[in-house]
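When reading the values below, keep in mind they use all heavy atoms of this one structure, side chains included, and skip hydrogens, waters and symmetry mates.
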There are 2 protein chains.
Amino acid sequence: MSDPLHDSALVAADAIGDVIEHWGFRKALGRVWTVLYLEDVPLSAAEIAERLSMSAGAVSTTLGELQRWGVAKRVWKPGQRKEFYEAETDFWKMISRVVNERERALAQRIRARLEEATEMAYDAPRSSRRSHVTERLKRLVSFALVAQTVIDSFVVSQRADFQKFGNLLSFAREKVARRR
Amino acid sequence: MSDPLHDSALVAADAIGDVIEHWGFRKALGRVWTVLYLEDVPLSAAEIAERLSMSAGAVSTTLGELQRWGVAKRVWKPGQRKEFYEAETDFWKMISRVVNERERALAQRIRARLEEATEMAYDAPRSSRRSHVTERLKRLVSFALVAQTVIDSFVVSQRADFQKFGNLLSFAREKVARRR
DNA sequence: TCGAACTTTCAGAAGTTCCTGAAAGTTCGT
DNA sequence: ACGAACTTTCAGGAACTTCTGAAAGTTCGA
């Protein structure tokens with residue numbers, strides 16, 4: 001009943017599950033993807049449930065989510081009532097899609113909220129504290145802007161140049177220094 | 001009682017809290033860091049607790065954690081019994097430290113577990129399934145190795161070149177293609 | 001169109017994380 | 001060396017996340 005190849009897959013699946021959890025997804029997503037990735041033939045939901053000792057419900061929602069992220073897809077086997085599933089194998093495709101949809105959207109939303117905070121600060125009476133707060137808020141907004149730029153070029157070119165963060169910082173520092 | 005500058009700081013703190021939470025830390029870390037960052041003078045734990053409506057206990061553990069990550073530091077004010085705290089303002093310092101300690105350690109551990117899985121697979125009897133599983137496990141291990149390299153060069157040079165992931169993939173593909 | 005095979009949805013259970021409030025611990029001026 | 005001022009620790013509880021099991025929904029061959 002115990003197949004060394006299945007056991008080995010479970011160890012790998014748990015490890016990748018932890019990576020995926022570290023990135024803010026459910027561990028189950030990593031486990032299911034890994035089992036599919038290690039298999040040379042598409043698996044049915046029932047087989048996945050059996051191997052990972054998951055309930056049918058959990059497998060269903062997990063497969064749905066994997067498909068929405070484009071990291072697993074359904075395949076149809078002629079003459080079979082069941083659906084089968086296989087893993088996306090192109091690491092770069094998976095990474096860039098997730099970064100594009102998740103991180104870029106995050107940077108966008110955060111920037112909007114920081115700009116809102118900046119507006120609020122302008123409603124306060126002029127004071128040296130107000131100028132300090134608005135100065136720092138501007139730095140945070142710049143940070144979000146740079147992050148958006150880095151994410152965009154990362155998705156396009158597969159390179160991320162964080163030296164821009166360094167530039168942002170020294171630029172901010174110059175402004176502070178000049179003021180003294 | 002309601003200070004527009006404080007309200008503005010709360011909006012920003014909540015936004016940055018979400019970023020930090022997205023990266024797998026507690027939201028409170030981001031909120032406290034932001035309040036300190038927007039302030040031009042170090043704050044006491046009690047002041048932070050008041051502004052963010054947090055309990056003294058939560059503020060204490062949060063400040064401890066911020067210090068362990070090197071993103072806040074204690075400052076001593078002569079003649080004051082209390083300790084005061086201020087935020088690290090160098091974004092790059094903070095990012096590189098977190099990446100260095102968290103992501104690099106993660107890649108290390110995951111690689112070890114994937115290698116363990118590979119060992120287990122070798123214990124299975126020879127078969128085409130076994131060679132498929134070991135082939136895919138090797139790709140995962142290579143992925144972890146490349147990730148470690150990318151992280152290292154990122155920390156040193158502030159650049160991350162993910163084209164290596166692309167190389168890894170096509171290399172793996174060639175091996176598969178040649179076998180047919 | 002029916003019923004069997006399969007999938008999805010969802011209410012409640014289980015598990016996990018985080019915070020509160022209070023007690024214990026530490027520090028420092030006198 | 002004592003007590004006031006402040007900080008840390010931690011048990012218990014609140015809030016949140018994820019899973020289970022079962023019911024509802026869908027699909028497809030006959």
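No side-chain donor-acceptor contact under 3.5 Å links B:Arg104 to the backbone of B:Gln148. Under the 3.5 Å distance criterion, the side-chain polar atoms of A:Arg74 are left unmatched by any main-chain donor or acceptor of A:Glu83. In terms of modelled atom types and a separation under 3.5 Å, the side chain of B:Ser131 and the main chain of B:Ser127 share a donor-acceptor contact. Looking at B:Ser142, its side chain does come within 3.5 Å of a backbone N or O of B:Lys138 through a donor-acceptor pair.
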Pair up each side-chain donor or acceptor in residues 27-34 of chain A with any protein partner under 3.5 Å, not counting sequence neighbours, and list the distances.
from    : atom 1 : to      : atom 2 : distance (Å)
A:Lys27 : NZ     : A:Asp14 : OD1    : 3.2
A:Lys27 : NZ     : A:Asp18 : OD1    : 3.0
A:Arg31 : NH1    : A:Asp14 : OD1    : 3.2
A:Trp33 : NE1    : A:Val71 : O      : 3.4
A:Trp33 : NE1    : A:Glu88 : O      : 3.2
A:Thr34 : OG1    : A:Gly30 : O      : 2.6

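A nucleotide of DNA chain D counts as in contact with chain B when one of its atoms lies under 4.0 Å from a heavy atom; the first and last such, 5' to 3', are D:dA4 to D:dT9.
B:Arg97 meets the side chain to side chain donor-acceptor pair (under 3.5 Å) test with B:Glu101; sequence neighbours excluded.
Looking at B:Glu47 and B:Lys82, no side-chain N of the basic residue comes within less than 4.0 Å of a carboxylate O on the acidic one, giving no salt bridge. By the 4.0 Å N-to-carboxylate-O rule, A:Arg111 lies close enough to A:Glu115 to be salt-bridged with it.
Note on ring orientation: taking the six-membered ring where Trp is involved, the planes of B:Phe143 and A:Phe91 are perpendicular (angle over 60°, cut-offs 30° and 60°). Classified by interplanar angle (parallel below 30°, tilted 30° to 60°, perpendicular above 60°), the ring pair A:Trp92/A:Phe154 is perpendicular.
Residue pairs meeting the ring-ring contact (aromatic ring centres under 6.0 Å, His included) criterion with at least one partner in residues 56-81 of chain B, sequence neighbours excluded, are B:Phe25-B:Trp69.
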Enumerate the protein-to-nucleotides 11-16 of chain C contacts in which both atoms are nitrogen or oxygen and the separation is below 3.5 Å.
none

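Within the hydrophobic cluster formed by Ile, Leu, Val, Met, Phe, Trp and Tyr side chains joined at under 4.5 Å, directly or through other members, B:Val156 stands alone, with no partner residue. Other residues sharing the hydrophobic cluster of A:Phe84, ordered by chain and number and joined by side-chain separations under 4.5 Å: A:Val75. Here B:Val11 sits in one hydrophobic cluster together with A:Met120; the rule is ILVMFWY side chains under 4.5 Å apart, joined directly or through other members. Under a 4.5 Å side-chain heavy-atom cut-off, the cluster of Ile, Leu, Val, Met, Phe, Trp and Tyr residues that includes A:Val41 has no other member.
Heavy-atom distances under 4.0 Å link DNA chain C to A:Gly57, A:Ser60, A:Thr61, A:Arg74, A:Arg81, A:Lys82, A:Glu83 of residues 57-86 of chain A, given in residue order. A heavy atom closer than 4.0 Å to some atom of DNA chain C occurs in B:Arg26, B:Ala28, these being the qualifying members of residues 25-39 of chain B.
Defining each end axis of the helix from C:dT1-D:dA30 to C:dT30-D:dA1 as the rotation carrying four pairs' C1' atoms onto the next four, with five pairs an end, the two axes are found to diverge by 20° to 10 degrees.
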